[in-house]
Amino acid sequence: MNLENTVNVNLTGLNDRQKEAVISEDKRLLVLAGAGSGKTKTLLQKLKYLIEEKGVSPSNILAITFTKNATNEMIDRLIISADASGEYKKQLIDKRKNKEEKDKERYVQQKKYKWIDGLTIKTFHSFCYAVLRNDGVNEFDNKFKIIGDEKRDEEDELYKNVAPETVFGVVHKLLIEQCEDTEYLLQLKRYILDYIIDKIHIQKSDSKFWVTDGKYFTTLDGTKVRSKSEQFIADWFYRHSIRYEYEPQLNVKDFTFKPDFYIPAANMYIEHISDKSYPTKSKEEQFKKGNLLFVKTFESMTTDSALFNKTLDDIMRNRLPSDYQKTISINFREEFNGYHEDVKDFVRQIMRITDMIKVENINVNTVLENARKDQHERVRNFYELAIPIVKKYIDYCINKSYLDFNDLISTNISLLKNHADIANKYREKCQYILVDEFQDVNNLQVELIKLLLTDNTQLFCVGDDWQSIYGFRGSNVNYIVDFEKHFINAKITKLNLNYRSTQNIVGASNEVIKNNKFKIDKDVQASKKSEHKIVVFAGNNEEENIRFCLNRIKELLKDGVDNDEILFLYRRSKMYSPYFFKFKNENIRIQHKTIHAAKGLESKVVFIIGLTEGGGGFPDIWLEDRIFQVIKKANRDLLMEEERRLFYVAITRAKDKLFLITEKGNESSFLKEIPETFTVRTTNQIKSTVAEVILCGNCQSQLERLHIFCPYCGQKVKEPNTKL
């Protein structure tokens with residue numbers, strides 16, 4: 001194809017691959033864009049090309065993003081392209097203007113350009129919000145309110161009608177209501193004591209929580225006992241309001257010993273016999289000598305809870321005063337006094353599985369059936385307690401006309417499936433669907449997209465499977481990797497020229513991602529050349545790492561690099577805390593984010609800290625609680641690949657200089673995946689036992705003795721920094 005003869009002059013700023021994507025007539029096209037390859041630019045040029053060259057009405061174009069910020073950025077770039085005066089761009093970068101002022105100006109400018117105002121550029125959620133508000137009345141109350149968590153962007157249209165309650169608040173309230181059923185309340189308390197407080201599912205040798213007196217199990221009244229069977233007996237007494245003493249000290253005649261239970265109201269002792277019990281013959285002789293009422297229970301009875309209940313009932317029958325209370329009066333507040341934070345943890349787990357059930361589009365009853373087949377009592381018990389609350393939450397939201405973020409999409413899916421007139425309206429309207437960050441889509445979002453498609457719809461998706469990092473919240477990288485399987489007759493165009501980073505950064509990121517198996521191969525090349533290599537610094541401890549970073553920052557600032565062009569990235573927020581306090585003491589003020597939060601950003605200089613191996617380092621594979629595996633199975637290999645994609649994202653945020661910070665002897669396995677040709681490795685040596693290495697005092701690159709100017713940063717080598 002002769003691209004130059006078929007495109008308008010407006011496309012001359014694009015490379016051949018970008019032009020190919022923009023002018024493509026394919027009905028299902030994936031633009032597979034490497035990091036820094038201009039994917040947003042390509043998407044926006046496609047949008048403008050459709051309007052200017054193909055005569056498409058803006059009202060027939062739907063552009064879908066994942067975040068409100070991405071939507072605003074897209075609109076900003078369209079306004080800038082239309083604003084010949086350049087004034088709007090100046091206002092955007094004016095640091096004297098606050099967010100509210102910029103948002104207001106965006107609205108004014110958007111209305112000024114009718115072709116921009118006529119476009120539908122929305123997040124998945126805001127698009128679904130608008131559809132349900134305007135056309136969803138036959139599927140759901142179109143005066144619905146959005147229910148979410150505490151974090152609300154009041155400028156977002158989704159919060160114009162926000163519910164007066166939060167998801168947490170509703171689930172917590174419903175749990176308390178469910179606890180009006182005494183049996184449920186006691187089962188919940190039993191679960192929290194066993195698995196959140198005592199953690200009896202964790203091997204004793206693996207946990208720091210285990211006590212040394214052998215009393216590992218907490219009863220419903222807070223007593224610590226030695227076995228689940230004794231816990232069952234104590235709980236039975238508690239449920240029947242029978243006061244007991246556990247292991248009271250008794251001396252009848254010959255020696256002192258501790259019977260398992262004493263029931264004052266019946267003046268009776270109980271010994272529970274298990275394979276771990278000491279011989280009871282001598283104890284029984286003492287009971288006879290003292291003419292004391294004594295009965296035995298056996299471990300074999302505990303395999304059948306109904307039998308064990310009957311045994312205890314038979315033991316106590318006719319041995320208590322006639323006026324003795326047989327039923328217990330309990331309430332949520334008193335039973336969970338001291339455990340309310342643990343109850344909140346349980347509520348958050350319910351919220352998590354509710355989200356997962358909705359994203360994976362699984363029937364609630366199916367989840368419970370699967371959980372009941374699990375080999376672990378803890379998992380089975382959790383779902384027996386949680387699923388009734390999930391059902392109540394779903395019914396509550398329907399009754400109150402609440403929709404959460406997942407409901408927005410699933411209700412739209414239901415609307416389009418059940419109401420052909422509405423489905424046809426949006427299929428006719430959305431003739432061109434452009435989806436940004438396609439690697440982040442989940443099951444519900446893809447189903448929604450498919451329901452909007454006809455044979456004539458043009459679907460133009462842009463994304464990078466190498467940057468798919470949101471699997472933990474439901475995104476499914478399979479949709480981009482196997483795009484041609486999910487969308488019939490699809491075509492793929494690869495953008496493989498990186499305009500952001502230098503050849504060493506691009507080369508290193510390519511080599512790292514090659515270790516992933518589940519990906520689409522791309523040969524990404526750098527358009528920028530630089531002598532700077534990636535600096536890998538391994539301090540002997542964290543203090544040395546902080547000192548190294550601090551010195552580099554001071555040098556960068558002295559060389560004219562702006563504060564805002566230095567970015568610190570980390571896997572977990574806690575990694576940055578010691579750096580933050582040290583920098584604050586030195587009056588250093590730097591950009592710092594988790595790698596997830598930095599997605600889509602770029603900076604001249606990037607430091608990636610915490611590149612150590614094992615727990616608390618990076619990679620940091622988190623095989624979540626088995627509870628969640630009931631809904632979605634975890635695969636360690638796939639989780640490792642997502643960690644590597646996260647490292648790839650971190651590396652490719654850097655435009656000019658990249659510093660990778662690790663610790664001597666505990667380097668991240670990811671560092672070993674970067675060939676030495678792209679890096680200069682430096683450290684504070686323990687002692688002078690190796691050959692002399694000369695480092696540039698400015699960029700820490702390795703030098704030859706005869707160098708007068710550093711070949712990497714160009715600085716004159718006055719007094720080389722000699723390391724041994």
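Residues take their numbers from the sequence shown, with the count starting at 1.
- By the 4.5 Å heavy-atom criterion applied to side chains, Asn161 and Arg133 are counted as neighbours.
- A salt bridge between Asp103 and Lys99 is present, with a side-chain N of the basic residue lying under 4.0 Å from a carboxylate O of the acidic one.
- Residues satisfying the ring pair (Phe, Tyr, Trp, His ring centres under 6.0 Å) test with Phe483, not counting sequence neighbours, are Phe438, Phe487.
- Using a 4.0 Å cut-off between charged side-chain N and carboxylate O, Glu484 and Arg28 make no salt bridge.
- Between Phe332 and His172, the two ring planes are perpendicular [angle over 60°; tilted spans 30° to 60°].
- Within a 6.0 Å radius of NZ in Lys632, other residues, nucleotides and ligands contribute more than 12 heavy atoms.
- Looking only at side-chain heavy atoms (C-beta outward), Phe144 and Asp407 stay at 4.5 Å or farther from each other.
- Side-chain N/O atoms of Thr71 and Thr65 include a donor and acceptor closer than 3.5 Å.
- For CG of Asn363, the number of neighbouring non-hydrogen atoms (other residues, nucleotides, ligands) closer than 6.0 Å is greater than 12.
- Sorted by first then second residue, the ring-ring contact (aromatic ring centres under 6.0 Å, His included) pairs that include residues 57-88, not counting sequence neighbours, are Phe66-Phe124.
- Around the NZ atom of Lys27, the shell of radius 6.0 Å holds more than 12 heavy atoms that belong to other residues, nucleotides or ligands.
- Under 3.5 Å, the side chains of Asn456 and Gln431 contain no donor-acceptor pair of N or O atoms.
- Tyr393 places a side-chain heavy atom less than 4.5 Å from the side chain of Ile147.
- A donor-acceptor pair is defined here as one N or O able to donate and one able to accept, closer than 3.5 Å; such a pair exists between the side chain of Asp83 and the backbone of Ser85.
- At distances below 3.5 Å, at least one donor-acceptor pair connects side-chain atoms of Glu641 with backbone N or O atoms of Phe518.
- Taking 4.0 Å as the cut-off between side-chain N and carboxylate O, Lys522 and Asp465 count as a salt-bridged pair.
- Judged purely by atom type and a 3.5 angstrom limit, Asn412 uses its side chain to pair as donor or acceptor with the backbone of Cys128.
- Under the 4.5 Å side-chain criterion, counting only non-hydrogen atoms from C-beta, Leu119 is in contact with Ile51.
- When the salt bridge (charged side-chain N to carboxylate O under 4.0 Å, His left out) test is applied to Arg352, the partners found at least two apart in sequence or on another chain are Glu624.
- A salt bridge links Asp76 and Arg106; the closest N-O separation between the charged side-chain nitrogens and carboxylate oxygens is under 4.0 Å.
- Remark: the backbone N or O of Leu495 is not paired with any side-chain donor or acceptor of Arg17 at under 3.5 angstrom.
- Taking a cutoff of 4.0 Å between a charged side-chain nitrogen and a carboxylate oxygen, Lys517 and Asp637 do not qualify as a salt bridge.
- Between the side chains of Lys599 and Tyr470, no donor-acceptor pair is found at a separation under 3.5 Å.
- For Lys39 and Asp464, the salt-bridge test fails: no basic side-chain N is under 4.0 Å from an acidic carboxylate O.
- With a 6.0 Å radius and a threshold of 12 heavy atoms from other residues, nucleotides or ligands, Lys104 has its NZ atom at or below the threshold.
- For Arg427, there are no salt bridge (charged side-chain N to carboxylate O under 4.0 Å, His left out) partners, not counting sequence neighbours.
- Between the side chain of Thr354 and the backbone N or O of Ile350 there is at least one donor-acceptor pair closer than 3.5 Å.
- The pair Asp117-Lys111 counts as a salt bridge, with a side-chain nitrogen and a carboxylate oxygen less than 4.0 angstrom apart.
- Listed by chain and number, the residues in a ring pair (Phe, Tyr, Trp, His ring centres under 6.0 Å) with Tyr184 amount to none (sequence neighbours excluded).
- Annotation: salt bridge (charged side-chain N to carboxylate O under 4.0 Å, His left out) contacts of Arg348 (sequence neighbours excluded): Asp345.
- A salt bridge is absent between Glu177 and Lys392: the closest approach of a Lys/Arg side-chain nitrogen to an acidic carboxylate oxygen does not fall below 4.0 angstrom.
- Residues Gly34 and Val524 share a closest heavy-atom pair of CA-CG2, 4.4 Å.
- Aromatic ring orientation, Tyr479 versus His486: tilted (interplanar angle from 30° to 60°).
- The shortest side-chain heavy-atom distance between Ile480 and Leu32 falls under the 4.5 Å cut-off.
- At a threshold of 4.0 Å, the pair Lys519-Asp521 counts as salt-bridged, since one of the basic side-chain nitrogens sits closer than that to a carboxylate oxygen.
- Side-chain N/O atoms of Glu105 and Gln109 include a donor and acceptor closer than 3.5 Å.
- No more than 12 heavy atoms of other residues, nucleotides or ligands sit less than 6.0 Å from atom CG of Asp455.
- A salt bridge does not link Lys450 with Glu447: none of the charged nitrogens is closer than 4.0 Å to a carboxylate oxygen.
- A salt bridge is defined here as a Lys NZ or Arg NE, NH1 or NH2 lying under 4.0 Å from an Asp or Glu carboxylate O, and Lys417 with Glu139 fails to meet this definition.
- Heavy-atom neighbours of Lys400 NZ from other residues, nucleotides or ligands within 6.0 Å: at or below the threshold of 12.
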